[in-house]
Amino acid sequence: QVKLVESGGGSVQAGGSLRLSCATFGYTYSSFFCMAWFRQAPGKEREGVASIYTNGGSTYYADSVKGRFTITLNNTWTTLLQMNRLKPEDGAMYYCAADLHGGCLATALNSGAYDYWGQGTQVTVSS
């Protein structure tokens with residue numbers, strides 16, 4: 001059974017940094033085509049933030065976070081999201097996602113491509 005567990009959320013001031021971690025249980029991330037981070041703020045739709053192909057390491061980012069966020073694969077079990085120069089609009093619940101069937105190869109930041117989701121970790125950025 002696949003389980004994704006996020007950690008690392010918290011409250012920071014604008015301009016600060018956080019690092020989110022996603023641990024996979026049941027499968028190593030190499031079993032998936034892509035690992036990704038999504039976020040959802042109250043009253044807004046879930047949006048793709050960053051995605052990484054587990055084979056080759058190609059990365060994709062939402063325009064709003066390019067140059068500030070970095071997604072990496074830390075070891076066989078953990079996906080990281082380094083978030084720098086945080087802005088108040090980055091505040092949201094952040095979710096880790098994994099694609100087992102390859103849909104992410106066509107649309108890396110489309111939530112419909114992902115099969116498994118974590119419970120989320122909250123990020124709050126104060127101005």
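Hydrogens, waters and symmetry mates play no part in the numbers below; they use all other heavy atoms, side chains included. Source: prediction; values computed, not measured.
- With sequence neighbours left out, the side-chain hydrogen bond (donor to acceptor under 3.5 Å, both in side chains) criterion links Asn55 to no other residue.
- With sequence neighbours excluded, no residue satisfies salt bridge (charged side-chain N to carboxylate O under 4.0 Å, His left out) with Lys44.
- Under the 4.5 Å side-chain heavy-atom criterion for ILVMFWY residues, no single connected hydrophobic cluster contains both Phe33 and Leu4.
- Ile71 contributes atom CD1, which lies 7.0 Å from atom CG of Leu73 (distance to the nearest 0.5 angstrom).
- Applying the side-chain contact (heavy atoms from CB on, under 4.5 Å) test to Gln122 and every residue at least two apart in sequence or in another chain returns Met93, Thr124.
- Applying the ring-ring contact (aromatic ring centres under 6.0 Å, His included) test to residues at least two apart or on different chains, the pairs with a partner in residues 45-69 are Tyr53-Tyr60.
- Applying the 4.5 Å side-chain rule to ILVMFWY residues, one finds Phe25 in the same cluster as Val5.
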Result block: side-chain N/O donor-acceptor pairs under 3.5 angstrom for residues 110-119, not counting sequence neighbours:
from, atom 1, to, atom 2, distance (Å)
Asn110, OD1, Gly112, N, 2.9
Tyr114, OH, Ser51, OG, 2.9
Tyr114, OH, Ala108, O, 2.6
Asp115, OD1, His101, ND1, 3.1
Asp115, OD2, Leu100, N, 2.6
Asp115, OD2, His101, N, 3.4
Asp115, OD2, His101, ND1, 3.2

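- Pairs of residues two or more places apart, or lying in two chains, that qualify as salt bridge (Lys or Arg N to Asp or Glu O under 4.0 Å) and include a residue from residues 65-84 are Asp63-Lys66, Arg68-Asp90.
- Using a 4.5 Å heavy-atom cutoff, the side chains of Gln40 and Tyr95 are in contact.
- A disulfide bond (SG atoms under 2.5 Å apart) check over residues 56-127, counting only residues at least two apart or in different chains, returns the pairs Cys22-Cys96, Cys34-Cys104.
- By the side-chain hydrogen bond (donor to acceptor under 3.5 Å, both in side chains) test, Tyr94 pairs with Arg39, sequence neighbours left out.
- A heavy-atom distance below 4.5 Å is found between the side chains of Thr70 and Thr72.
- Phe32 is not connected to Leu109 by any chain of hydrophobic side-chain contacts under 4.5 Å among Ile, Leu, Val, Met, Phe, Trp and Tyr, and they are in different clusters.
- Annotation: side chain of Val125 is not in contact with side chain of Gln13 (no heavy-atom distance under 4.5 Å).
- For the side-chain hydrogen bond (donor to acceptor under 3.5 Å, both in side chains) test, no residue two or more places apart in sequence or in another chain qualifies with Arg19.
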### Task
For the pair Trp37 and Leu20, evaluate side chain to side chain contact (heavy atoms under 4.5 Å, CB included) and give the outcome as yes or no after the intermediate values.
CA-CA 9 Å; Trp37 287 93; Leu20 305 184; 3.6 Å; yes

Pairs under 3.5 angstrom only: tabulate donor-acceptor contacts from the side chains of residues 77-88 to other protein residues two or more places apart or in another chain.
from, atom 1, to, atom 2, distance (Å)
Thr78, OG1, Asn75, OD1, 3.3
Gln82, NE2, Asn84, OD1, 2.9
Asn84, OD1, Ser17, OG, 2.9
Arg85, NH2, Gly67, O, 3.1

